[in-house]
Trainee: 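Before anything else, here's the structure in question.
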2 protein chains.
Amino acid sequence: MSRTKQDVVTEFRCAEILDAARKIFAAQGFSDTTMEAIAEQAHIAKGTLYLYFPSKRDIYLAALRQGIRLLNDDTNRKVAGAAGVQNQLRIFVTTRIEYFEQNREFFLIYHSEIGNLLPHPGKQSGEIVELYLQQAHMLEQILRTAADKGEIRDLRPDATAFAVCDLTRGVIMQRMLGWSKAELQDDIRHLIDVIWRGIAA
Amino acid sequence: MSRTKQDVVTEFRCAEILDAARKIFAAQGFSDTTMEAIAEQAHIAKGTLYLYFPSKRDIYLAALRQGIRLLNDDTNRKVAGAAGVQNQLRIFVTTRIEYFEQNREFFLIYHSEIGNLLPHPGKQSGEIVELYLQQAHMLEQILRTAADKGEIRDLRPDATAFAVCDLTRGVIMQRMLGWSKAELQDDIRHLIDVIWRGIAA
DNA sequence: TAGTAAAATGACTGAGTGGTCATTCCGTGA
DNA sequence: TCACGGAATGACCACTCAGTCATTTTACTA
């Protein structure tokens with residue numbers, strides 16, 4: 001409550017920087033992105049970046065975290081409002097695909113960061129991984145409950161949850177690369193069709 | 001036929017360089033990899049690298065191409081030797097997962113390069129993409145044939161083929177990240193179980 | 001063994017970058 | 001209108017690295 005003006009300006013600048021960063025990091029990757037380029041995209045000078053973030057890596061991680069949080073919140077909210085496992089699955093998939101189609105740049109960062117986790121299994125920077133796994137665990141719970149109720153077969157819920165995530169990511173990628181010529185709705189229908197037959201009781 | 005010795009030495013050096021490059025690129029990513037590091041790993045001097053490859057990017061692409069070719073050949077051969085769609089699917093998945101478990105470093109390059117294609121859809125460096133799609137198309141053919149024979153449902157074969165590839169890649173990733181605590185055989189069984197039920201007639 | 005040419009080397013260069021900080025700008029309050 | 005303090009700036013520095021090339025080493029032949 002103290003310095004409204006202050007905080008508002010800071011928040012605004014941070015948001016601008018993260019938006020700019022997301023675009024540039026997505027287009028160039030972490031190493032090939034220069035602070036100069038981020039500054040330019042954000043319409044501020046390079047030195048100003050360092051008033052709001054201590055380092056390049058920090059900007060990168062902040063942009064990533066922000067994106068995942070928004071995606072997760074969105075997904076959670078929408079899935080919670082759906083009834084029936086099949087519908088929940090459909091909403092889960094749809095929400096995520098649409099989010100990424102709306103935030104293409106973010107998907108690129110998201111995807112490449114997973115790749116960066118791979119060489120260092122175990123000593124992964126906790127929070128990002130946690131945010132990443134959170135959605136799979138949410139799905140896992142849904143599947144577990146459905147299995148208990150006999151709505152779906154008794155499969156390993158963890159593996160099945162990952163499978164849904166993988167299929168979702170696959171559809172996003174094929175669409176981004178222009179490898180899918182179908183309508184979004186058709187891709188989603190196909191995905192749900194296959195997975196549902198695959199797991200239904 | 002001319003200079004056997006010559007060619008043999010050159011081939012040997014190239015192979016050594018590509019092996020070294022694969023390890024380093026996988027661990028550090030393209031930008032963070034230094035020619036010095038590759039040279040060291042290959043037990044030669046930096047200048048020597050330039051006797052065999054014109055640039056850093058060329059080494060990278062050569063390593064990637066080589067890896068994909070080996071994988072594709074392996075997959076093609078083994079799948080061709082299998083009878084029945086379900087078996088072919090199982091062999092496809094198994095071969096690829098095993099190849100990547102045996103060549104972890106290569107998977108990292110493979111995965112990150114897909115990410116690099118994303119920001120530049122359309123103007124993708126032809127050959128790599130072609131090699132990449134080749135396997136999906138092979139699967140697609142198998143599925144198309146099976147659908148004609150009525151062994152599986154009449155689904156979009158392209159989307160289904162991609163789905164199998166995505167699930168395969170997913171399993172590899174979960175295993176690499178230590179997120180799957182199951183035996184390899186269990187992961188494969190689960191994958192085939194779900195996808196087969198999903199597509200069987 | 002001496003002579004030669006190809007192969008290998010690694011010090012060096014030039015371009016580029018993350019981060020710093022002395023200086024400038026600007027909003028505010030008197 | 002002026003003076004003050006925090007926000008913004010961008011020239012600069014220290015460092016990294018792809019690629020080069022004069023020099024050294026090796027392999028082969030006569």
Side-chain angles (χ1 to χ4, degrees), chain A residues 1-64 109 112-113 116 119 125, chain B residues 1-64 109 112-113 116 119 125:
Chain A
M1 61 180 67
S2 56
R3 46 188 70 124
T4 320
K5 179 75 171 291
Q6 186 76 308
D7 287 351
V8 169
V9 169
T10 295
E11 204 171 321
F12 177 73
R13 275 269 182 280
C14 284
E16 272 202 325
I17 291 172
L18 291 184
D19 277 353
R22 202 162 40 230
K23 286 198 182 74
I24 308 290
F25 279 128
Q28 324 265 354
F30 180 78
S31 294
D32 291 344
T33 291
T34 67
M35 295 299 269
E36 195 62 53
I38 296 174
E40 194 177 345
Q41 175 80 34
H43 305 292
I44 57 177
K46 183 161 65 138
T48 310
L49 292 176
Y50 290 92
L51 298 180
Y52 297 92
F53 295 92
S55 74
K56 183 182 177 182
R57 183 111 202 127
D58 281 279
I59 296 181
Y60 179 76
L61 290 176
L64 183 60
I109 301 176
S112 95
E113 190 53 26
N116 293 340
S125 63
Chain B
M1 62 179 69
S2 55
R3 44 189 69 126
T4 319
K5 179 74 170 293
Q6 185 77 305
D7 288 350
V8 169
V9 169
T10 294
E11 204 171 320
F12 178 73
R13 275 269 182 281
C14 283
E16 271 201 327
I17 291 172
L18 291 184
D19 276 353
R22 201 161 42 229
K23 286 198 182 73
I24 308 290
F25 279 127
Q28 323 265 355
F30 179 79
S31 293
D32 291 344
T33 290
T34 67
M35 294 299 269
E36 194 63 52
I38 296 175
E40 194 178 343
Q41 175 79 35
H43 305 292
I44 57 178
K46 181 159 67 137
T48 310
L49 292 176
Y50 289 92
L51 299 179
Y52 296 93
F53 295 91
S55 76
K56 183 182 176 182
R57 182 112 202 125
D58 280 278
I59 296 181
Y60 179 75
L61 290 176
L64 183 60
I109 301 177
S112 95
E113 190 53 25
N116 292 340
S125 63

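By convention in this document, chain letters (A, B, ...) are assigned in the order of the sequence lines, proteins followed by strands, and residues within each chain are numbered from 1.
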Trainee: Can you check the A/Ile17 CD1 to D/dA7 P distance for me, whole Å?
Mentor: 13 Å
Trainee: Tell me whether A/Lys56 forms a cation-pi arrangement with A/Phe25, defined as NZ or CZ under 6.0 Å from the six-membered ring centre and within 45 degrees of its axis.
Mentor: no
Trainee: Would you mind reporting whether A/Thr34 and A/Lys46 have side-chain heavy atoms less than 4.5 Å apart?
Mentor: no
Trainee: Taking C-beta and beyond as the side chain, do A/Asp19 and A/Arg22 meet within less than 4.5 Å on heavy atoms?
Mentor: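 Of all side-chain heavy-atom pairs linking A/Arg22 with A/Asp19, at least one is under 4.5 Å.
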Trainee: Contact class for A/Tyr52 vs. all strands (heavy atom < 4.0 Å): base, sugar-phosphate, or nothing?
Mentor: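 A/Tyr52: backbone/sugar contact only, no base atoms under 4.0 Å.
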Trainee: Measure the distance from CG on B/Leu49 to C1' on C/dA7 and round it to the nearest whole Å.
Mentor: 14 Å
Trainee: Are A/Leu51 and A/Arg13 close enough that some pair of their side-chain heavy atoms sits under 4.5 Å apart?
Mentor: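 No - every pair of side-chain heavy atoms lies 4.5 Å or more apart.
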Trainee: Does the side-chain contact (heavy atoms from CB on, under 4.5 Å) test come out yes or no for B/Leu18 and B/Phe53, once each step is laid out?
Mentor: CA-CA 10 Å; B/Leu18 291 184; B/Phe53 295 91; 3.8 Å; yes
Trainee: Charged N to carboxylate O under 4.0 angstrom, A/Glu40 versus A/Lys23?
Mentor: no
Trainee: Under a 4.0 Å heavy-atom cut-off, which of residues 38-45 of chain A touch DNA chain D?
Mentor: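 Within this stretch, A/Ile44, A/Ala45 sit under 4.0 Å of the strand.
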Trainee: Could you state the atom-to-atom distance from CZ of A/Phe53 to P of C/dT20 in whole Å?
Mentor: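 One finds 16 Å between P of C/dT20 and CZ of A/Phe53, rounded.
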Trainee: Are B/Glu113 and B/Phe30 close enough that some pair of their side-chain heavy atoms sits under 4.5 Å apart?
Mentor: no
Trainee: Let me confirm one number: the OG1-CD1 distance from A/Thr48 to A/Ile17, rounded to the nearest 0.5 Å.
Mentor: 7.5 Å
Trainee: With the sugar-phosphate defined as primed atoms, P, OP1 and OP2, and the base as all remaining atoms, what B/S/- string results for nucleotides 18-26 of chain D, 5' to 3', for protein heavy atoms under 4.0 Å?
Mentor: BBB------
Trainee: Can you tell me how far P of D/dT16 sits from CD of B/Gln28, to the nearest Å?
Mentor: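 Distance check: B/Gln28 CD to D/dT16 P gives 15 Å.
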